[in-house]
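Keep in mind the model is a prediction, meaning the values are calculated, not measured. All chains are named by letter (A, B, ...) in the order of the sequence lines, taking the proteins before the strands, and each is independently numbered beginning at 1.
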Amino acid sequence: MSAQKDRWICSFSILLFCASSVPTRGSARLLQELSPQEYFSSLQAGRASLAYFSPNVSPGAQPFLEQIQNSAETLQDYGISVVKVNCPKEDVSRYCRREDALRKAYLFRGNVLIREFPTDALFDVNSIVANILFALLFNEVKYVETLADLQNIENALKGRSNMVFAYVPATGTAEHRAVMEAAFAYGTVHQFVLTTEATLLKEVGSDEPDVSSAQLLFCHCQRATDPEQPCRRTAMGQALTLLNIHRHLKLMGAPLVTEVAEDPEKVSTVHLQLGLPLVFILSQKETYEADRRTAEFVAWQLLGKAGVALLSRDRVDLNVLLRSNVAIKTPDEGVPIKYLVLEDTDEVITLVEDKNKVEQIQEEEEEEDEDEKENNNQDIQDDQVVEAVSRDKKRELPLEQILVLTEETFRSALLETARTVVLFYASWEAVSLAVLQSYTEVADHLKGTQGVLLSRVNCWDWPGLCTTENVTQVPTVKIYEKEERSVMYNGMWGTEELTSFIMLSRVSCPLKLTTVDEAEGYLRGEFPSELSSYHHTSLLGVFSTATSEAREAFEEAGNILSGHVTMGMYFEDDALAM
Amino acid sequence: LGLALYAGSLCTAGTAAFLYHDYCVIGAGPSGLQAAYFLQQAGRDYIVFERSHAPGSFFALYPRHRKLISINKRYTGKSNSEFNLRHDWNSLLSHNRRLLFQHYSHDFFPDADTMVRYLEDFASQLELRIQYNTAIVHVMLERDERAWNGHYFLLTDQDRQNYKCSSLLVATGMWVPNVVNFPGSEYVEGYETVSINPEDFAGQTVLILGRGNSAFETAENILGVTNFIHMVSRSRVRLSWATHYVGDLRAINNGLLDTYQLKSLDGLLEGDLEDLAIVKDKKGKLHITLRFYLEDRNTSASIDSVTLPQDELDNFATRAPYDRVIRCLGWKFDFSIYNRSLRMMPGKGNKKKYPQIKPSYESRGTRGLFVLGTASHSVDFRMSAGGFIHGFRYTTRAVHRLLENRHHGVPWPSTAHPITQLTNSIIKRVNEASGLYQMFSVLADIILLRDFFTAFEYLEEYPVGVLAELETQTGRKAPNGLFVVIMEYGRNFSGADKDVFYYNRAVGEAQHAWQSNFLHPVIYYYKRLPTEREMRVRPPDWPLPRPDAVHHIVEDFLTDWTAPNAHILPLRRFLENCLSTDLRNFFAESCFLFAFTRQKLPPFCQLGYVGMQGLLGSQGLRRRAVEAGLLEDYALTDFSGDRTPDGHEGSQDQLLRDHEIPVRPLQHLVNAKDE
């Protein structure tokens with residue numbers, strides 16, 4: 001960056017040196033002084049010369065003469081000689097004689113007078129060069145005043161050549177000179193159009209143009225195909241100096257997108273030579289068409305600010321990340337190409353337009369990478385139940401033991417067995433699928449048990465049934481007793497717990513014990529025998545026949561605790577003996 | 001004095017003669033019957049007035065060619081009755097499963113006679129109270145402080161019998177044919193009377209005015225026998241598959257587009273019907289000309305003296321004379337029966353055929369007067385399905401719920417759930433709910449959060465247009481913020497001139513969900529209920545004002561939003577971010593560990609495990625969780641033989657790292673599609 005700047009300053013100083021030193025030295029030498037006869041006889045066809053007639057060696061050198069002398073060297077570069085014609089006193093020839101001779105300078109091509117300039121139009125070197133060239137380049141530089149004129153020129157050029165449209169606030173300025181000098185060089189390549197009309201600038205384009213400063217637009221008419229549309233324009237963002245215009249035209253002349261099939265480090269284009277960065281769009285065969293469009297789009301956006309090249313990955317062995325899609329090469333030597341991953345074309349454009357952002361974007365990229373990692377974390381399933389179920393989804397569950405119930409079969413199924421266990425679940429919901437797995441294990445345990453039917457209802461298929469059965473969330477297990485009440489399971493979702501619950505709830509709670517033997521067997525866990533293998537808490541209530549109120553309370557508790565514990569109840573006459 | 005006496009006598013005479021009901025419903029069409037059903041279920045005092053001798057008199061005549069264009073899908077591969085209603089556009093809502101349209105017709109596009117039969121059955125089997133042969137010819141107001149709404153509605157029928165009601169539900173539909181008057185419009189036949197026998201059109205040249213479904217239906221019927229058909233209307237044809245609006249031209253009726261675009265045989269023209277004029281020549285042929293050619297002369301002038309456009313422009317498009325001109329311009333609401341004091345005003349612009357109503361379906365002019373059914377379509381005209389049976393059966397239910405709350409203190413039905421059920425509740429509804437699906441962007445489910453986000457209330461199918469009035473309209477409180485679950489199409493997807501088949505029209509990845517184009521669920525989060533002002537100044541075409549956060553569930557080709565990673569996980573993350581809570585499920589073992597290592601348990605453990613309802617999970621599943629590095633396997637050593645040692649390390653880290661919900665600034669979550 002700083003190296004580049006230094007170089008710029010360096011070249012500028014040389015230029016300044018040239019500009020300031022050469023004319024002063026050369027002016028004396030280049031300005032010819034001739035008599036009228038000598039002058040008119042020296043005029044060659046096709047050669048332009050600027051002459052001013054001095055009736056006498058003037059007593060006080062007029063400032064304007066000084067300026068003409070100063071511009072002589074520059075004009076010489078354009079093949080225009082500057083001649084001071086000394087009119088002898090007795091000379092009454094046409095130019096010497098005239099009253100106003102001293103206030104005019106005359107431009108001849110051959111011996112044809114092209115224009116005469118009042119001296120106040122030639123107030124300094126800039127105005128002299130500008131006006132003289134303007135007069136000479138009458139065909140190359142069209143002056144327009146209205147939008148219609150401009151459009152006519154534009155339309156005439158479409159498909160043929162490009163146009164350089166310049167606005168200068170006034171003629172005879174340094175900018176005007178720069179435009180004319182550029183036109184001298186490029187006038188045969190591009191059509192130059194000049195205006196001093198601020199309104200025209202406003203009509204042409206940029207929303208709020210600054211009419212106090214000169215502007216130059218390059219109009220790409222050669223590519224324009226649509227007769228209705230104006231040509232695409234690229235404004236030159238910099239001050240109107242000859243160097244800048246030259247640079248701009250050079251850039252406009254460069255191909256829009258360069259195809260690169262070699263090591264990008266070795267690539268050099270006009271842009272790099274002119275101190276602009278080069279953006280590579282990395283492409284591959286499969287996406288070539290789309291990448292080419294992207295590159296062209298970006299190139300149009302960056303025209304005059306950076307070059308765009310399409311780098312084919314397939315043809316160059318690139319040692320960069322596969323996901324990199326953009327690379328940027330700065331004109332500074334020794335700075336390696338940066339490879340980036342950018343989301344959209346806007347980012348590419350920002351990248352170039354604000355060079356400072358390059359670093360920033362890189363940093364952000366890194367942050368984004370972190371973000372992405374975090375995002376990736378966000379994308380990664382961290383719910384252990386959901387993940388376990390989805391990893392297990394290909395396993396077929398042994399569901400043969402479990403009857404599938406539907407809205408139609410539900411009621412009738414409940415009537416067929418003493419106890420129907422129903423698992424209400426949803427086939428998309430992880431927790432219910434986890435419970436369904438345990439439920440198959442329950443079914444396996446209870447295989448062959450009389451009076452218990454295991455069944456399931458998929459609430460995703462039968463939402464109405466689940467609502468009627470008051471199932472507000474899944475999973476839910478309910479045990480329906482034939483033509484009686486139903487109990488909702490509210491214990492742990494585990495195979496053993498559920499099995500035990502189903503087994504315990506098969507036994508009436510409380511269980512009426514009729515003999516002392518039964519009661520003792522009950523206490524030892526041997527009665528009822530089918531529960532002997534299930535670990536459970538047992539309660540025994542012993543009631544005298546008189547204590548009916550306590551017995552009722554015990555029975556009520558039994559209803560609630562059914563499935564969780566066993567409750568025995570003994571209230572025979574000999575109860576007090578126990 | 002005379003006036004006072006007169007008024008007094010009228011009043012006394014009047015009250016004696018008035019038959020009173022809490023609710024009066026005008027019209028026993030689909031929406032009237034639907035309203036009657038809900039009133040009956042709620043045990044309300046209501047009556048339905050029907051001018052014809054049977055329900056659904058509109059369907060007895062229309063559509064003229066008898067083919068309904070509302071689909072009757074009998075097979076969806078699913079048994080979910082709620083889901084199946086998404087593709088059943090003809091049934092009304094009831095508890096009686098026999099009263100589904102699929103039991104009445106096997107046709108995908110059923111016959112209109114079947115609809116009449118269905119409506120008759122619906123009315124009789126549900127024993128709805130309908131008074132037939134009663135045409136209400138006048139409606140006026142009677143001010144009374146004691147009345148529900150500060151006034152009673154006084155209805156008069158064709159026999160001068162008077163009725164008095166506290167609330168008036170207008171379900172009259174749209175039955176007054178739209179007519180355009182221009183010179184020569186007397187030669188025009190109306191859709192309501194035109195012959196439906198194609199043979200009557202054999203070898204004729206026909207001009208049809210209008211470009212709606214009735215126009216194309218008419219054309220479809222005679223397409224094969226006419227010389228050619230021209231169709232003229234003010235605006236371009238709108239194809240329903242491009243606009244996603246069921247009221248636009250449906251593919252079943254668009255045969256004429258084929259012949260127009262393929263063979264330039266028939267044709268469509270755009271032009272203002274008001275500028276038109278028709279002149280009949282001696283042979284009875286009808287010539288199209290322009291109104292301004294006729295302006296200086298009287299219309300009865302003979303054909304020879306009238307300038308025809310082709311006299312000046314010899315390739316004028318409709319220079320060929322027509323044998324018939326048919327008007328198919330649709331219908332409008334019958335405004336004529338309402339006294340001026342009811343201020344039943346026509347809508348503006350293209351809604352002028354509809355009465356002006358609020359998003360709550362209540363008339364803008366009169367409190368207590370609700371418009372139901374097709375006539376209420378101004379709320380979602382050219383957008384959703386509120387003008388059609390499959391849409392207004394739900395809006396009618398919404399109106400009924402609003403009335404229950406307003407007049408009977410019955411709050412909007414809701415179910416309460418623990419916060420652990422939040423994700424599931426939303427997933428369940430977006431996958432099966434029909435009301436949300438049909439009435440997209442109009443009806444929405446509302447989730448009201450309870451204190452400390454431990455539980456929530458779920459309200460179904462509330463009209464979002466009156467979201468700001470939620471508390472007064474539903475009797476439910478929303479002090480802790482709310483979620484709104486709604487379905488939407490992509491913002492710039494639908495439109496008459498849009499290409500809906502463009503490449504990459506659908507997105508698949510969850511992160512691009514906000515760019516979804518097809519109907520997909522969207523969840524809005526508000527920290528507090530939006531105000532009426534916020535509702536009013538919301539961007540046009542947005543169903544809701546800017547939320548604190550919004551989440552799109554990515555569109556799905558099967559409209560099945562149950563994929564664990566693409567649908568449920570992003571939704572859960574969104575909810576977690578909004579509520580700063582952990583909504584994951586855990587096996588009991590993890591909860592056990594948390595109980596010792598954490599001060600606060602995730603809700604799933606708190607509500608399940610701590611309440612003795614932990615999820616143990618089968619061994620196989622727990623092993624899967626260990627494999628995934630999501631479960632510590634202390635208790636699983638007995639089958640840990642095949643596991644790698646570093647897997648152990650990893651899983652420990654994963655689990656022990658306190659699961660902190662990365663609470664991101666909420667604006668990141670707001671993905672406005674046009675940004």
Side-chain angles (χ1 to χ4, degrees), chain A residues 371-372 374-375 377-393 395 397 406-408 426-442 458-468 470 472-475 489-498 564, chain B residues 78-83 95 97 415-418 420-421 424-425 427-428 431-432 509-511 560-565 568-570 572-573 583-588 590 604 608-609 611-631 654-655 659 662 664:
Chain A
D371 268 3
E372 250 168 51
E374 206 178 300
N375 272 337
N377 268 344
Q378 296 270 307
D379 294 345
I380 290 172
Q381 185 60 261
D382 57 352
D383 185 311
Q384 50 184 238
V385 181
V386 175
E387 183 63 16
V389 168
S390 56
R391 277 174 185 241
D392 210 43
K393 69 178 170 211
R395 194 156 71 91
L397 291 177
T406 69
E407 215 154 80
E408 283 87 30
S427 48
W428 53 267
E429 202 264 339
V431 175
S432 26
L433 292 180
V435 168
L436 185 61
Q437 282 216 5
S438 302
Y439 196 56
T440 58
E441 292 172 4
V442 173
N458 185 351
C459 290
W460 165 229
D461 288 335
W462 310 104
L465 176 58
C466 295
T467 311
T468 354
N470 209 12
T472 57
Q473 67 183 64
V474 287
Y489 176 66
N490 57 5
M492 291 288 274
W493 295 113
T495 311
E496 285 167 38
E497 288 79 359
L498 187 53
H564 297 287
Chain B
K78 293 191 171 71
S79 62
N80 188 316
S81 52
E82 175 71 16
F83 175 89
H95 58 276
R97 299 205 52 206
T415 49
H417 303 272
T420 49
Q421 292 295 311
N424 282 356
S425 302
I427 291 291
K428 174 182 150 72
N431 276 296
E432 69 181 22
E509 283 181 59
Q511 68 194 65
D560 177 346
W561 289 283
T562 59
N565 289 317
I568 302 178
L569 176 65
R572 194 193 84 213
R573 295 233 187 265
L583 295 176
R584 291 180 294 175
N585 305 304
F586 294 96
F587 288 113
S590 298
F604 187 84
Y609 181 76
M612 297 281 283
Q613 266 197 299
L615 175 68
L616 285 169
S618 67
Q619 278 200 351
L621 280 183
R622 278 180 289 156
R623 195 188 296 131
R624 292 290 193 187
V626 170
E627 278 168 22
L630 292 169
L631 179 66
Q654 182 92 27
L655 186 73
H659 178 76
R664 300 166 142 221

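- Checked by atom type and distance alone, the side chain of A/Asp383 pairs as donor or acceptor with a backbone atom of B/Asn585 at under 3.5 Å.
- Residues B/Arg572 and A/Asp382 form a side-chain contact, since some pair of their non-hydrogen atoms from C-beta on lies under 4.5 Å apart.
- For A/Gln384 (side chain) and B/Ala625 (main-chain N/O), no donor-acceptor pair under 3.5 Å exists by modelled atom type.
- A/Val389 touches chain B through backbone and side chain together, each having a heavy atom under 4.5 Å away.
- How far CD of B/Gln613 is from CG of A/Asn490: 5.5 Å, rounded to the nearest 0.5 Å.
- To the nearest 0.5 Å, atoms CG (B/Asn424) and SG (A/Cys459) are separated by 11.5 Å.
- In this structure, CG in B/Leu630 is found 8.0 Å from CD in A/Gln381, a value given to the nearest 0.5 Å.
- Highest contact tally toward chain A, considering only B/Thr562, B/Asn431, B/Leu621, is held by B/Leu621 [criterion: heavy-atom pairs under 4.5 Å].
- In this structure, chain A has no heavy atom under 4.5 Å from any part of B/Pro570.
- Proximity to chain A (any heavy atom under 4.5 Å) is restricted, for B/Ala588, to the side chain, taken from C-beta onward.
- Between the side chain of B/Asn80 and the main chain of A/Trp460, a donor-acceptor pair closer than 3.5 Å is present.
- Taken from NZ in A/Lys393 to CZ in B/Arg624, the straight-line distance is 11.0 Å, to the nearest 0.5 Å.
- B/Leu615 approaches A/Trp493 most closely through the heavy-atom pair CD1-CB, 3.8 Å.
- Looking at A/Glu496, neither its backbone nor its side chain comes within 4.5 Å of chain B, counting heavy atoms on both sides.
- Proximity of B/Asp560 to A/Trp428: side-chain heavy atoms (C-beta onward) are nowhere separated by under 4.5 Å.
- Note that CD of A/Gln437 and CG of B/Leu616 are 13.0 Å apart. Values are rounded to the nearest 0.5 Å.
- At a 4.5 Å heavy-atom cutoff, the contact between B/Glu432 and chain A is made by backbone and side-chain atoms alike.
- Contact tally against chain A (heavy-atom pairs below 4.5 Å) for B/Thr415, B/Ile427, B/Asn565, B/Leu569: the top residue is B/Leu569.
- Ion pairing between a basic and an acidic side chain is recognised when a charged N comes within 4.0 Å of a carboxylate O; B/Arg97 and A/Glu408 show such pairing.
- For the residue pair B/Gly617 and A/Ser438, the shortest heavy atom distance occurs at C-OG, 4.1 Å.
- Here CZ of B/Arg573 is found 8.0 Å from CG of A/Asp379. Values are rounded to the nearest 0.5 Å.
- The two atoms that bring A/Glu387 and B/Ala628 nearest to each other are CG-CB, 3.6 Å, heavy atoms only.
- Both the backbone and the side chain of A/Gln473 come within contact range of chain B, with heavy atoms under 4.5 Å apart.
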